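Below you'll find the structure, written out as structure tokens, and then a few comments.
Just so it is clear, the model here is predicted, and its values are computed rather than measured. All values below were derived from every heavy atom in this structure, side-chain atoms included, with hydrogens, water molecules and symmetry-related copies excluded.
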Amino acid sequence: MTYPEEGLLIDTHVHVFKQDMPLIPNPRHAPSYSFTVEQLTDVMDRYGVRYAVIAAASPWGDYNDYVIDSVRDNPRLRGTIIAEPSIERVVLDQMDRDGIVGVRLPFISMPQLPDLDSWDYRKFLRRLVDLDWHVHVHIDGPRLPLVLPYLERSGVKIVIDHIGRPDPVKGIASDGFRAMVESVEKGRTWVKLSGAYRLGDYALGCAQELCRRVGYDKMLWASDCPFVGGEKDTDYRRAIDWLKQAIPDEDARRRVYGPNALELYFS
């Protein structure tokens with residue numbers, strides 16, 4: 001089965017975990033079940049997904065072991081990790097060989113942002129540039145303008161999670177949405193059209209306006225499977241079909257479903 005529209009389908013944001021993995025103190029979510037890489041592969045096969053990118057998830061902090069085990073020697077998968085900025089290059093090099101392609105910055109969980117102009121972060125970001133990795137930023141939209149200038153200055157590739165989580169009141173008129181648009185226009189920033197079920201009705205309009213302003217070349221599709229904390233609010237088919245509402249043009253949508261991600265993550 002190939003779905004949708006007989007084209008390439010790549011899911012750029014999924015999670016895998018086991019129930020007995022150690023949680024950080026006071027996690028945003030604490031799943032009471034496992035979602036293994038075998039279960040993920042079954043979902044991929046069911047919906048015709050050729051490749052997927054496993055996103056490190058904040059409840060497990062820098063316990064990246066299962067993500068690394070899942071992508072190692074699996075040509076259908078890539079992964080991102082969560083890491084302290086003091087991590088050594090030799091460790092990153094091994095992860096690179098294992099199939100890790102980036103670092104997730106789970107800033108949404110942090111009431112106070114780290115100093116991205118500190119020596120540790122400048123060194124960290126330079127190492128990611130040297131590896132040709134990316135950072136994918138998970139943060140509430142109003143704080144995007146506080147982090148994007150530092151990331152852009154470093155030269156690292158940037159991937160913004162969940163349509164930038166725009167301000168639910170100001171939406172496309174917000175400073176965060178404007179900063180996201182300007183960052184994409186600079187050429188080294190991608191945006192995941194994902195997580196609409198978490199954001200509310202305004203997500204669709206934000207995605208449509210983002211594409212209207214910057215086009216489709218830097219847009220990525222993602223499911224956010226297995227929808228931790230929102231399992232009753234959506235499912236995989238709805239995650240696929242939502243993009244048809246956001247991008248009515250079939251040719252543009254086909255590019256967002258797969259080829260953009262193939263170039264970024266698997267080339």
Pair Tyr257-Ile240, side chain to side chain contact (heavy atoms under 4.5 Å, CB included): steps then yes or no
CA-CA 9 Å; Tyr257 272 136; Ile240 294 174; 3.6 Å; yes
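- In this structure, the side chains of Leu40 and His15 stay at 4.5 Å or more apart for every pair of heavy atoms.
- Looking at heavy atoms from C-beta onward, Trp221 lies out of side-chain contact with Leu193 at the 4.5 angstrom threshold.
- Residues Phe124 and Val103 form a side-chain contact, since some pair of their non-hydrogen atoms from C-beta on lies under 4.5 Å apart.
- When atom types are taken as modelled, the side chain of Tyr66 and the backbone of Val37 share a donor-acceptor pair closer than 3.5 angstrom.
- Looking at Arg255 and Asp249, no side-chain N of the basic residue comes within less than 4.0 Å of a carboxylate O on the acidic one, giving no salt bridge.
- Contact detail for Ala252 and Ile247: the closest heavy-atom pair is CB-CG2, 3.9 Å.
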All N/O donor-acceptor pairs, side-chain side in residues 106-120, below 3.5 Å, sequence neighbours left out:
unit_1 : atom_1 : unit_2 : atom_2 : d
Asp115 : OD1    : Asp117 : N      : 2.9
Ser118 : OG     : Asp115 : O      : 2.8
Ser118 : OG     : Tyr121 : N      : 3.3

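- A donor-acceptor distance shorter than 3.5 angstrom exists from the side chain of Ser174 to the backbone of Gly171, with no hydrogens or angles considered.
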Worked verdict on Arg127 versus Asp130 for salt bridge (Lys or Arg N to Asp or Glu O under 4.0 Å):
CA-CA 5 Å; Arg127 284 175 170 157; Asp130 291 343; over 6 Å; no
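- For residues 152-172, the set of pairs meeting the ring-ring contact (aromatic ring centres under 6.0 Å, His included) definition, not counting sequence neighbours, comprises His13-His162, His138-His162.
- Between Arg104 and Asp161, at least one side-chain nitrogen of the basic residue sits less than 4.0 Å from a carboxylate oxygen of the acidic one, meeting the salt-bridge criterion.
- Taking both residues in full, the closest heavy atoms of Ala261 and Ile10 are given as CB-CG2, 3.7 Å, listed atom of the first, atom of the second, then distance.
- Using a 4.5 Å cut-off on side-chain heavy atoms (C-beta onward), Met180 and Val214 make no contact.
- For the atom pair CG (Leu92) and CD1 (Ile87), the distance works out to 4.5 Å, reported to the nearest 0.5 Å.
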Kindly indicate, with the supporting measurements, whether the criterion side chain to side chain contact (heavy atoms under 4.5 Å, CB included) is fulfilled by Leu125 and Val135.
CA-CA 9 Å; Leu125 292 172; Val135 293; 4.1 Å; yes
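- The two residues Ala222 and Thr12 come nearest to each other via the heavy atoms CB-OG1, 3.3 Å.
- With Arg76 contributing its side chain and Arg50 its backbone, the two residues share a donor-acceptor pair below 3.5 Å.
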Give the table of side-chain donor-acceptor pairs shorter than 3.5 Å for residues 27-34, with sequence neighbours excluded, one pair per line with atom names and distance.
unit_1 : atom_1 : unit_2 : atom_2 : d
Tyr33  : OH     : Glu231 : OE2    : 2.5
Ser34  : OG     : Gln19  : N      : 2.8

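- Although no hydrogens or angles enter the test, the distance criterion places no donor-acceptor pair under 3.5 Å between the side chain of Glu182 and the main chain of Ala179.
- Residues Leu199 and Arg165 meet the side-chain proximity criterion, which asks for heavy atoms closer than 4.5 Å.
- Applying the ring-ring contact (aromatic ring centres under 6.0 Å, His included) test to pairs two or more places apart or on separate chains, those with a residue in residues 174-212 are Tyr197-Phe227.
- Results of the side-chain contact (heavy atoms from CB on, under 4.5 Å) test with Lys218 over Val159, Val184, Val256 single out Val184 as the only residue that passes.
- For Leu8 against Pro259, the heavy-atom pair with the smallest separation is CD2-N, 4.0 Å.
- Side-chain contact check for Met95 versus Trp133: some heavy-atom pair is nearer than 4.5 Å.
- A donor-acceptor distance shorter than 3.5 angstrom exists from the side chain of Asp11 to the backbone of Ser223, with no hydrogens or angles considered.
- Using a 4.0 Å cut-off between a side-chain N of Lys or Arg and a carboxylate O of Asp or Glu, Arg72 and Asp69 qualify as a salt bridge.
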With a cut-off of 3.5 Å and sequence neighbours excluded, list every side-chain donor-acceptor pair involving residues 145-158.
unit_1 : atom_1 : unit_2 : atom_2 : d
Glu152 : OE1    : Lys186 : NZ     : 2.9
Glu152 : OE2    : Ser183 : OG     : 2.7
Ser154 : OG     : Leu151 : O      : 2.7
Ser154 : OG     : Val156 : N      : 3.2
Lys157 : NZ     : Asp132 : O      : 3.2
Lys157 : NZ     : Asp132 : OD1    : 3.2

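- Heavy atoms only, all atoms of each residue included: Ile24 and Ser58 are closest at CD1-O, 3.3 Å.
- At least one donor-acceptor pair under 3.5 Å links the side chain of Arg253 to the backbone N or O of Pro248.
- Taken to the nearest 0.5 Å, the CG atom of Asp217 stands 10.5 Å off from the SG atom of Cys211.
- Here the CG atom belonging to Leu77 is positioned 6.0 Å from the OG1 atom belonging to Thr41, to the nearest 0.5 angstrom.
- Look at Arg46 and Asp42 and you find no salt bridge, because none of the NZ, NE, NH1 or NH2 atoms lies under 4.0 Å from a carboxylate O.
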Arg122 vs Arg126, side chain to side chain contact (heavy atoms under 4.5 Å, CB included): CA-CA, chis, key distance, verdict
CA-CA 6 Å; Arg122 286 186 287 114; Arg126 176 52 188 263; over 6 Å; no
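- Checked by atom type and distance alone, the side chain of Trp242 never pairs as donor or acceptor with a backbone atom of Gly195 at under 3.5 Å.
- Residue pairs that meet the salt bridge (charged side-chain N to carboxylate O under 4.0 Å, His left out) test with at least one member in residues 200-210, sequence neighbours left out, are Glu209-Arg212, Glu209-Arg213.
- Using a 4.5 Å heavy-atom cutoff, the side chains of Phe266 and Val101 are not in contact.
- In this structure, the side-chain contact (heavy atoms from CB on, under 4.5 Å) partners of Val67, at least two apart in sequence or on a different chain, are Ile54, Ile100.
- Under a hydrophobic clustering in which Ile, Leu, Val, Met, Phe, Trp and Tyr are joined whenever their side-chain heavy atoms come within less than 4.5 Å, directly or via other members, Leu210 and Tyr216 fall into the same cluster.
- Heavy-atom minimum distance, Tyr265 versus Lys192: OH-CE, 3.7 Å.
- With sequence neighbours excluded, the residues satisfying side-chain contact (heavy atoms from CB on, under 4.5 Å) with Pro142 are Asp140, Asp167.
- In terms of the side-chain contact (heavy atoms from CB on, under 4.5 Å) criterion, residue partners of Asp93 (sequence neighbours excluded) are, by chain and number, Arg89, Arg97, Leu131.
- A search for side-chain contact (heavy atoms from CB on, under 4.5 Å) contacts involving Asn64 returns Ala56, Asp62, Ile68, Ile81, Ile82, not counting sequence neighbours.
- Scored by the salt bridge (charged side-chain N to carboxylate O under 4.0 Å, His left out) test, Arg238 finds Asp235 as partners (sequence neighbours excluded).
- Taking Asp251 as the reference, Arg254 meet the salt bridge (charged side-chain N to carboxylate O under 4.0 Å, His left out) condition, with sequence neighbours excluded.
- Within a 6.0 Å sphere centred on NZ of Lys18, heavy atoms belonging to other residues, nucleotides or ligands number 12 at most.
- At least one side-chain heavy atom of Phe17 sits under 4.5 Å from a side-chain heavy atom of Val228.
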